[in-house]
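See structure below.
Below, read A as the first sequence line, B as the second, and so on, with proteins coming before strands; counting in each chain starts at 1.
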Number of protein chains: 2
Amino acid sequence: MKTYTIRQMSRQTGLSVHTLRYYENIGLIHAVGRDASGYRAYSEADVGWLQFLLRLRATGMPVSEMKRFAEWRSLGEATAPDRLDMLEAHRLRVEEKIRTLEGHLERIREKIGHYRELVRGSDPAPPD
Amino acid sequence: MKTYTIRQMSRQTGLSVHTLRYYENIGLIHAVGRDASGYRAYSEADVGWLQFLLRLRATGMPVSEMKRFAEWRSLGEATAPDRLDMLEAHRLRVEEKIRTLEGHLERIREKIGHYRELVRGSDPAPPD
DNA sequence: GCTTGCGTTCGAGCGCGCTCTAACGTGTAG
DNA sequence: CTACACGTTAGAGCGCGCTCGAACGCAAGC
């Protein structure tokens, strides 16, 4: 069974080694294996889990909530409904966030339109 | 010419009065008028500007960048091209961000699908 | 066997964007 | 004239999510 050092893990996930240890400390990553000399030995499953965590982070889930999720996960399948609820709530928030961003984006485009006119209008010596 | 107290402004924008003063301190809002007793008297233009600032914030522009924009704005029309450039760069970032979020969202939906199966499968006594 | 490099823990520090406190001035109602 | 709400400033403090430093251990090459 292939394992990864913390450095390899850092490269795989883009997280710093500091952050990897931090995530473990605060309970986001549970029970990372150790090799003979006490070094962390991450499994493939850990890679997948971290990538999932990063997805949650990237979509704006607060670390505190990710912690709850991680806790439930470590408690086994009985908590699957709770995790499902959390994910669905999160999905709604992300969908809402995208809609909001799209609204803002449209207004920013309008603003850019105004600026384009302004800049074009005040250009010294327009071509033709 | 209608003006607003800081409290009215707070209600209009959703920013706290603390934050309104903070924004002024750090240079995001320039030259707010004062009434006879030294109280801030925000103009309609200030409202519009703040709403624009909030749009930039909500789309993830860092305050430091907003400061540069505000500075340029206070320097007059000559800086319009700079502001246009900044807005276009920002627009690209927002568009990219939305795409990224949509990608993550899709994977989260898949995860939810897996959880639904898991939860459904382990349900005690499913109906029919 | 010593250097070099990667690993360990624990705890302090930091950057961002606010948020709040203290001490004090203003203005209207009773 | 007093109460009380609302305003002012300068500056300290905070919550989040890392990020880094100090002091130390293990291991592979010269």
Side-chain angles (χ1 to χ4, degrees), chain A residues 2-43 46 49-71 90 93 97 104, chain B residues 2-43 46 49-71 90 93 97 104:
Chain A
K2 177 136 185 44
T3 63
Y4 303 90
T5 68
I6 197 167
R7 181 157 296 246
Q8 290 167 332
M9 199 63 171
S10 170
R11 278 179 201 127
Q12 292 248 350
T13 61
L15 290 171
S16 73
V17 296
H18 294 295
T19 304
L20 283 169
R21 285 193 280 249
Y22 164 72
Y23 274 15
E24 192 176 338
N25 283 338
I26 66 174
L28 283 186
I29 316 173
H30 187 244
V32 173
R34 298 293 175 128
D35 71 9
S37 43
Y39 292 5
R40 283 173 182 79
Y42 292 92
S43 68
D46 291 330
W49 169 240
L50 260 175
Q51 279 164 354
F52 176 62
L53 284 182
L54 287 178
R55 202 181 291 294
L56 297 181
R57 272 310 284 118
T59 47
M61 183 183 283
V63 165
S64 57
E65 203 163 320
M66 290 162 59
K67 265 162 82 170
R68 278 205 295 145
F69 194 99
E71 213 172 301
H90 185 58
R93 284 192 313 237
K97 182 170 189 160
H104 287 317
Chain B
K2 177 140 185 41
T3 63
Y4 302 90
T5 67
I6 198 167
R7 181 158 294 248
Q8 289 167 334
M9 200 62 171
S10 171
R11 280 179 200 128
Q12 291 249 350
T13 61
L15 290 171
S16 73
V17 296
H18 293 297
T19 304
L20 283 169
R21 285 193 279 248
Y22 164 72
Y23 274 14
E24 192 176 337
N25 283 339
I26 67 174
L28 283 186
I29 316 172
H30 187 244
V32 173
R34 299 291 175 129
D35 70 9
S37 43
Y39 291 7
R40 283 172 182 80
Y42 292 92
S43 68
D46 291 329
W49 169 240
L50 260 175
Q51 279 164 356
F52 177 62
L53 284 182
L54 287 179
R55 203 181 291 294
L56 296 181
R57 273 309 285 120
T59 47
M61 183 182 284
V63 165
S64 58
E65 203 163 320
M66 289 162 61
K67 265 162 82 170
R68 277 205 297 145
F69 194 99
E71 213 172 301
H90 185 58
R93 286 193 310 237
K97 182 169 191 162
H104 287 315

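Listed by chain and number, the residues in a side-chain contact (heavy atoms from CB on, under 4.5 Å) with B/Ser10 are B/Val17, B/Leu20 (sequence neighbours excluded). Residues meeting the salt bridge (Lys or Arg N to Asp or Glu O under 4.0 Å) test with B/Arg34, sequence neighbours left out: B/Glu24. With sequence neighbours excluded, the residues forming a side chain to side chain donor-acceptor pair (under 3.5 Å) with A/Asp35 are A/Ser37, listed by chain and number. Scanning for side-chain contact (heavy atoms from CB on, under 4.5 Å) contacts around B/Gln8 gives B/Tyr4, B/Thr5, with sequence neighbours left out. In this view, A/Tyr39 satisfies the ring pair (Phe, Tyr, Trp, His ring centres under 6.0 Å) rule with no residue, not counting sequence neighbours.
When side chains are defined from C-beta on, A/Arg57 counts as touching A/Val63, because their heavy atoms get closer than 4.5 Å.
Counting all heavy atoms, side chain and backbone alike, A/Ala70 lies closest to A/Gly27 at CB-O, 3.5 Å.
One atom, CG of A/Leu20, and another, P of C/dT9, lie 12 Å apart when rounded to the nearest Å. Atom CZ in A/Arg21 sits roughly 8 Å away from atom P in C/dG7 (whole-Å rounding). Taking atom CG on A/Asn25 and atom C1' on C/dG11, their separation rounds to 11 Å, with Å as the unit. D/dT19 atom P lies 18 Å from atom CD of A/Glu24, rounded to whole Å.
For residues 58-68 of chain A, the side-chain hydrogen bond (donor to acceptor under 3.5 Å, both in side chains) pairs, not counting sequence neighbours, are A/Thr59-A/His90, A/Glu65-A/Arg93. Screening residues 3-12 of chain A for salt bridge (charged side-chain N to carboxylate O under 4.0 Å, His left out) gives no qualifying pairs among residues at least two apart or on separate chains.
Using a 30° and 60° split on the angle between ring planes, B/Phe69 and B/Phe52 fall in the tilted class, from 30° to 60°.
Taking a 4.0 Å limit (strictly below) on heavy-atom distances, residues 31-41 of chain A reaches DNA chain D at A/Ser37, A/Tyr39. Contacts of residues 3-11 of chain A with DNA chain C (heavy atom under 4.0 Å): A/Thr5, A/Ile6, A/Arg7.
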TODO: Would you mind building the protein contact string for nucleotides 12-24 of chain C? One character per nucleotide, 5' to 3', B for base within reach (heavy atoms under 4.0 Å), S for sugar-phosphate only, - for untouched.
DONE: -----BBBBB---

